[in-house]
There are 2 protein chains.
Amino acid sequence: MPRLSTEKRKEQIAIAILEIIGNEGLENLSMPALAKRLDIVPSALYRHFSSKEEMISAGLDLLKLKIMDVFDRHEADSDDALEPLKRFLDLHRQFFHITTVFPRIAFSLADNETFDLRRQRMQKFHDSVLGRISATLEKGRRNGQLRKNLDTSAAALSFWGILVSSTLRWFITGGDFDVEAYKKEAWDMFVRAVSK
Amino acid sequence: MPRLSTEKRKEQIAIAILEIIGNEGLENLSMPALAKRLDIVPSALYRHFSSKEEMISAGLDLLKLKIMDVFDRHEADSDDALEPLKRFLDLHRQFFHITTVFPRIAFSLADNETFDLRRQRMQKFHDSVLGRISATLEKGRRNGQLRKNLDTSAAALSFWGILVSSTLRWFITGGDFDVEAYKKEAWDMFVRAVSK
DNA sequence: ACCTGAACACCGTTCAAGT
DNA sequence: ACCTGAACACCGTTCAAGT
């Protein structure tokens with residue numbers, strides 16, 4: 001009944017996709033469930049996207065925007081190269097339910113042609129995030145704050161791993177896990193590992 | 001046509017479940033696909049298990065056995081507390097396709113009653129593995145090899161995170177990622193982070 | 001005791017028809 | 001231009017019937 005413009009619907013769909021995947025997982029993302037949330041009928045979704053896959057892609061694009069925005073808003077402004085990473089880790093709480101979407105989709109990838117589009121989009125996304133983290137670390141490596149022989153891209157993946165492993169544990173314990181306390185310890189370990 | 005005993009079928013099903021989830025993901029695990037692999041009809045599966053969920057559980061039980069076996073066979077025998085962990089990391093290659101199953105299932109969990117059984121089984125599994133890693137680290141902490149103030153359970157999760165983040169990157173790049181090189185760097189960082 | 005085949009509810013997608 | 005409703009192939013599961 002609502003009859004919205006394609007533009008608005010597409011955005012609505014992308015938002016709803018992220019919410020459903022974040023809270024209930026890919027397995028529970030069904031066209032009927034998605035349509036119900038927008039108060040339309042499942043087949044109406046196909047007016048705006050050609051497939052479920054395309055809708056997931058739209059969700060990923062939105063997610064990337066959101067995460068990059070966090071980086072942009074908290075650009076390095078001090079001499080400390082680790083400062084922006086620390087801040088990103090702290091902010092993680094705010095977009096935790098969003099972060100869960102990323103590994104959920106990544107770990108559903110198969111070595112299969114059907115998933116190749118999804119995989120490529122994930123890779124671009126991941127490359128952007130890791131690139132951002134690497135760049136920050138590289139700065140610290142050059143100004144002597146971090147080890148000269150530090151492999152900054154490996155370190156960037158390790159840093160991202162803090163978020164992934166805390167999310168994994170959070171899922172497995174059904175929420176009964178002190179994510180903030182773990183991140184604090186993991187951050188201390190990370191600093192020790194990369195510092196001079 | 002084959003007509004095997006329930007005992008043998010159950011084992012066959014558990015093995016096939018791990019193979020399918022590991023290679024093609026949970027999304028591609030269908031009863032028709034599973035049945036075809038065993039050369040029976042989908043409904044025949046329900047003679048041996050009451051649901052798809054139960055079949056996944058059986059797969060998880062088998063996976064736990066396999067991973068614990070690796071720990072058992074490479075029990076600490078030197079004074080170096082990090083030695084068994086290093087060896088586990090090296091062996092990871094051998095059971096890589098198995099390891100992928102764990103995060104795949106973990107990141108499909110939802111905050112949903114239907115998934116509670118799966119979640120609990122994952123948690124027991126994860127607790128066992130982390131417990132094993134923690135115990136090793138604890139030994140090193142007591143004999144003075146590692147930092148006195150090391151939070152061994154956080155460190156154990158970080159260690160497990162090396163496997164998870166390398167698997168994540170492997171998936172995202174479609175296999176175009178040097179897992180062994182990354183693990184080497186990540187291990188160096190880990191040693192630096194936990195050592196005295 | 002194990003397996004097959006028909007049946008049912010559900011999901012992704014298409015298409016003709018409504019406003 | 002956007003949405004609905006019927007239709008189809010596919011999946012998880014049940015159940016009666018086969019050997």
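A note on names: the letters A, B, ... follow the listed sequences, proteins ahead of strands, and every chain is numbered from 1.
If you take NZ of A/Lys52 and P of D/dA9, they are 20 Å apart, rounded to a whole angstrom. With rounding to whole Å, B/Leu45 atom CG is found 12 Å from C/dT4 atom C1'. We find that CD of B/Glu53 is positioned 16 Å from C1' of D/dC11, with the value rounded to whole Å. When the P atom of D/dC3 is taken as reference, atom NZ of A/Lys8 falls 13 Å away, rounded to whole Å. For the pair A/Leu38 CG and D/dC2 P, the interatomic distance rounds to 15 Å; values are reported in whole Å. If you measure from atom CZ of A/Arg3 to atom P of D/dC2, you get 8 Å, rounded to the nearest angstrom. Rounded to whole Å, atom C1' of D/dC11 lies 13 Å from atom CD of B/Glu27. Atom CD1 in B/Ile40 sits roughly 7 Å away from atom P in C/dT4 (whole-Å rounding).
In summary, the side chains of A/Asn23 and A/Glu19 do not present any donor paired with an acceptor at a separation below 3.5 Å, with no hydrogens or angles considered.
A donor and an acceptor atom never sit less than 3.5 Å apart when one is taken from the side chain of B/Arg47 and the other from the base of C/dA1.
For the pair A/Arg9 and D/dC3, the criterion of a side-chain N or O lying under 4.0 Å from OP1 or OP2 is met. One finds a side-chain N or O of B/Tyr46 lying less than 4.0 angstrom from the OP1 or OP2 phosphate oxygen of D/dT13. OP1 or OP2 of C/dC2 sits under 4.0 Å from a side-chain N or O of B/Thr6.
At least one donor-acceptor pair under 3.5 Å links the side chain of B/Arg119 to the backbone N or O of A/Ile172. A/Ser195 contributes no side-chain N or O that, together with a main-chain N or O of A/Arg192, makes up a donor-acceptor pair within less than 3.5 Å.
Under the Watson-Crick or G-U wobble criterion, with both distances below 3.5 Å, D/dC8 is paired with C/dG12. Base-pair partner of D/dA1: C/dT19 (Watson-Crick or G-U wobble, both distances under 3.5 Å).
Closest-nucleotide positions on DNA chain C for A/Ser43 and B/His48 were compared, and the one nearer the 5' end corresponds to B/His48.
Counting non-hydrogen atoms under 4.0 angstrom, B/Leu29 reaches the backbone sugars and phosphates but no base.
Considering only the side chain of B/Pro32, D/dC11 comes nearest among C/dC2, D/dC11, C/dC11.
Aromatic rings from A/Phe102 and A/Phe125 are positioned such that their centres are separated by under 6.0 Å.
Note: B/Phe107 and A/Phe107 have parallel aromatic rings, judged against thresholds of 30 and 60 degrees for the angle between ring planes.
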